[in-house]
Amino acid sequence: MKFLNEKISKSFPLPFFNRTHSFSSQTNLNKPLTHKSFFKSNTKDGLVSRLCKDGKFTQAIDILCDQNRLAEAVQLLSHIVRPSTSLYSTLLQHCLQHRALDQAKLVHSHTRVSGFEPGLFLCNRFIDLYAKCGSLLDAQKVFEEMPERDLCSWNTMISGYAKVRKIGEARKLFDEMPQRDNFSWTAMISGYVRHQRPNEALELYRTMQRRECSKSNKFTVSSVLAASAAIHSLRMGKEIHGYITRTGLDSDEVVWTALSDMYGKCGSIEEARRIFDKMVNRDVVTWTAMIGRYFEDGKKDEGLALFSELMKSGIRPNEFTFAGVLNACADHATENLGKQVQGYMTRIGFDPFSFAASALVHMYSKCGNTANANKVLKGMPGPDLVSWTSLIVGYAQSGQAEEALQLFESLLKSGTRPDHVTFVGVLSACTHAGLVDKGLEYFYSIKAKHGLKHTADHYACVVDLLARAGRFDEAENIISEMPMKPSKFLWASLIGGCRIHGNVKLAKRAAEALFEIEPENPATYVTLANIYATAGMWSEVTKVRKEMDESGIIKKPGLSWIEIKREMHVFLVGDQSHPRYNEIDHFLSEISKRMKEEGYVPDTNFVLHDVEEEQKEQNLSYHSEKLAVAFGIVSTPPGTAIKVFKNLRTCVDCHNAIKFISKISNRKIVVRDSNRFHWFEDGKCSCLDYW
DNA sequence: CTAGGGTTAG
């Protein structure tokens, strides 16, 4: 019921009443005849110049504003002897609409020249305008020079700071201000949420609650709900939910959306859906959030079902919606679906500047279709950094290092400034192609040439680069010289390099560091055990296994999937549940005979040693990627390329086996593992056994 | 005139 009322109040009075404040629209309403003649006249400026001749500059300015001819309108200002507050207000409103900082400054200087005392209202508008145009310095100047300030002046200044990355400045003002209303608290709280500092937001909310005079309103609660969601605090979220119900704030769809989203992000997706279903007035944000929560929860089908419901509902999806769906397509590598989404976007005409376009580049890159990703990027009038970076990473993961580095050069030529993520892509391109020295060159250029700081990720990349190449001394040097603590990614890269080169000693050190940072990650135990196994240190293997068992850590199950005729087929390790398992099994046993003839030797080092030799070999043949590849081959005509995706890194033996399979069955086989793409053809892999 | 929910690259 509450929603119904809200709907009515929203759809009726607002647009109409707003007109009383808008001078341009008022002109429209009051003077339909003059406007008509204006539009009819061939000399477009006829009316404006006549008005000017008659000294009716105010009306002329109104008309020019209506025509989006802001600069000319501002020029006319100089003819007016006694401008009114409302005239300035009209101009400023249009400046704000076009984010026209220069024009705003002209208007501002005019107030000084004409000796006009701006007054509280106009000064506050100037602050808001300058802040929204990104010129905090000008805003601050107005604020400081004001003869008197009201709450709104402070609040506007605070939210101005909170919107750009100056939350510290905002807080300073907040602490300084003589008194605060719920506006001030909310602006500050939402600033913290926006800058991903949910804990501080919630702390401030607590303080606010203790002040009797500042009551939370719907703006406050929707912000703190987002904060609770960000830290996954269901307890806090529920508490706010209770407050919302008690105070009757649950009559607003934004609050409901925030509530639903909070439950979804805190792991209660069913509760999120219940709230979603209860809502009468769902807007595109509500839908987008709910769809996104399903994807995040791994419930791809539910997410897609809801997406198609949205498309039927008549509500137009926006760039956020598309970005969410495309991102899910990227994660699950459902390229066909992504293509359909692209088709839909094209049909409804999406903004090529929006980040839905970069999500498209990301989706194609993640699906291994760098050609299409490149096509989308080239079709963008001015690709943004995210799109460039997505494709660079895409090339890197496909082992197309040359293309990645060339693209990076085009990025520089386009005048776009790379950021730290871009360099993660560039460095990993070098890593995946084994271009060690080139990679080092890029690494040093980050600081020297591009004036960026090295991040922990850059160090992780460069250690990865060196460790894979077996240049452990250099890697250790860099680690000892880095200004921050090595991240888990760095240690994981190092231990990965140690696995390739059998460096037991350094692996132990890396593992110890990893156990400290993330003791619950099974991958560390598994890799370490495998390194010991390769070195034949069986007692150490047993020890690691025992530790793993005792700490109750379970290995993440390997999962591979393949799309055949628009249908996904998912395989687990040793999975026999597929309806066509007999064919798969038959194919695998037949081909392993051929493989052995060709010289394939099963690599059993990576299997835990307490299994009999023969059984080990059989275990290997049941890895999920082998099952998926086998299924792909038996269910497609000869010569069809096979594309398989795996949630973990592919194992050494499977990698080797798939090389043989590609040769014997004469197929191109693509495997996207959690790290990169492997393109198998004629017994070789694009990664050159380097991953 | 000032405040809120959904979002893309590693």
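Model, not experiment: these values are computed from the prediction. Side chains are part of it too, since the values below use all heavy atoms of this structure and drop only hydrogens, waters and symmetry mates. Just so it is clear: chains get the letters A, B, ... in the order the sequence lines come, proteins before strands, and each one is counted from 1.
- A:N182 comes within contact range of no nucleotide atom at all, as no heavy-atom separation falls under 4.0 Å.
- B:dG6 atom P lies 15 Å from atom CD1 of A:I275, rounded to whole Å.
- For A:H362 and B:dT8, the shortest distance from a side-chain N or O to OP1 or OP2 is not below 4.0 Å.
- Below the 3.5 angstrom threshold, one finds a donor paired with an acceptor across the side chain of A:S358 and the base of B:dT8.
- Pairs of residues two or more places apart, or lying in two chains, that qualify as side-chain hydrogen bond (donor to acceptor under 3.5 Å, both in side chains) and include a residue from residues 415-427 of chain A are A:T389-A:T422, A:S414-A:T416, A:D419-A:T422.
- Distance from the side chain of A:S190 is smallest for B:dA3 among the nucleotides B:dG5, B:dA3, B:dG6.
- The interatomic distance linking A:L96 (CG) with B:dT2 (C1') rounds to 12 Å, in whole Å.
- Side chains of A:N124 and A:S153: a donor on one and an acceptor on the other come within 3.5 Å.
- OP1 and OP2 of B:dA3 both lie 4.0 Å or more from every side-chain N or O belonging to A:K215.
- Set against B:dT2, B:dA9, B:dC1, the side chain of A:N124 has B:dC1 as its closest nucleotide.
- Contact annotation for A:R194: backbone-only contact, meaning every heavy-atom pair under 4.0 Å involves sugar-phosphate atoms and none involves a base.
- Between A:Q93 and A:Q97, the side chains place no donor N or O within less than 3.5 Å of an acceptor N or O (distance only, hydrogens not considered).
- Checking the phosphate oxygens (OP1, OP2) of B:dT7, no side-chain nitrogen or oxygen of A:N318 falls inside 4.0 Å.
- Residue A:V255 is classed as a base contact, given a heavy-atom separation below 4.0 Å to a base.
- Separating the CZ atom of A:F174 from the C1' atom of B:dA3 is a distance of 12 Å, rounded to the nearest angstrom.
- Rounded to whole Å, atom P of B:dG6 lies 12 Å from atom CG of A:D283.
- Nearest nucleotide to the A:A289 side chain, out of B:dG6, B:dA3, B:dT8: B:dG6.
- The separation between A:F143 atom CZ and B:dC1 atom C1' is 14 Å, rounded to whole Å.
- For B:dG4, the base is not stacked against the aromatic ring of A:F219, per a cut-off of 5.5 Å between centres and 30° between planes.
- If you take CG of A:L259 and P of B:dG6, they are 13 Å apart, rounded to a whole angstrom.
- Under 4.0 angstrom from either OP1 or OP2 of B:dC1 there lies no side-chain N or O belonging to A:K132.
- For the residue pair A:Y263 / A:R293, no side-chain donor-acceptor distance below 3.5 Å is found, with atom types taken as modelled.
- Residue contacts for A:S390: at a heavy-atom cut-off of 4.0 Å it reaches the sugar-phosphate backbone alone, with no base atom in range.
- Enclosure of atom CD in A:E176 by more than 12 non-hydrogen atoms of other residues, nucleotides or ligands within 6.0 angstrom is indicated.
- Side-chain contact annotation: A:D673 with A:N647, donor-acceptor N/O pair under 3.5 Å absent.
- A:L326 has its CG atom 15 Å from the P atom of B:dT7, to the nearest Å.
- Aromatic stacking is marked for A:F183 over B:dT2, as both cut-offs hold: 5.5 Å for the centres and 30° for the planes.
- A donor and an acceptor atom never sit less than 3.5 Å apart when one is taken from the side chain of A:S223 and the other from the base of B:dG4.
- Dashed line: the shortest gap from a side-chain N or O of A:K366 to OP1 or OP2 of B:dT8 is not under 4.0 Å.
- With hydrogens and angles left out, the side chain of A:T286 and the base of B:dG5 share a donor-acceptor pair within 3.5 Å.
- Closest approach to the A:A258 side chain among B:dT2, B:dC1, B:dG5 is made by B:dG5 (side chain taken as heavy atoms from C-beta onward).
- Nearest nucleotide to the side chain of A:D128, out of B:dC1, B:dT7, B:dA9: B:dC1.
- Checking B:dA3, B:dG5, B:dC1 against every side-chain atom of A:N217, the shortest atom distance belongs to B:dA3.
- Proximity of A:R293 to the phosphate of B:dT7: a side-chain N or O atom is located under 4.0 Å from OP1 or OP2.
- Here B:dA9 presents its P atom at 13 Å from CG of A:L360, a figure rounded to the nearest Å.
- A:E335 and A:N369 form a side-chain donor-acceptor contact under 3.5 Å, judged by distance and modelled atom types alone.
- Among the atoms of the strands shown, none is found under 4.0 Å from any heavy atom of A:S184.
- Distance from the side chain of A:N155 is smallest to B:dT2 among B:dG4, B:dT2, B:dG6.
- Donor-acceptor pairing under 3.5 Å, judged by distance alone, is present between the side chain of A:T257 and the base of B:dG5.
- Of the side-chain N and O atoms in A:K163, one or more sit less than 4.0 angstrom from OP1 or OP2 of B:dA3.
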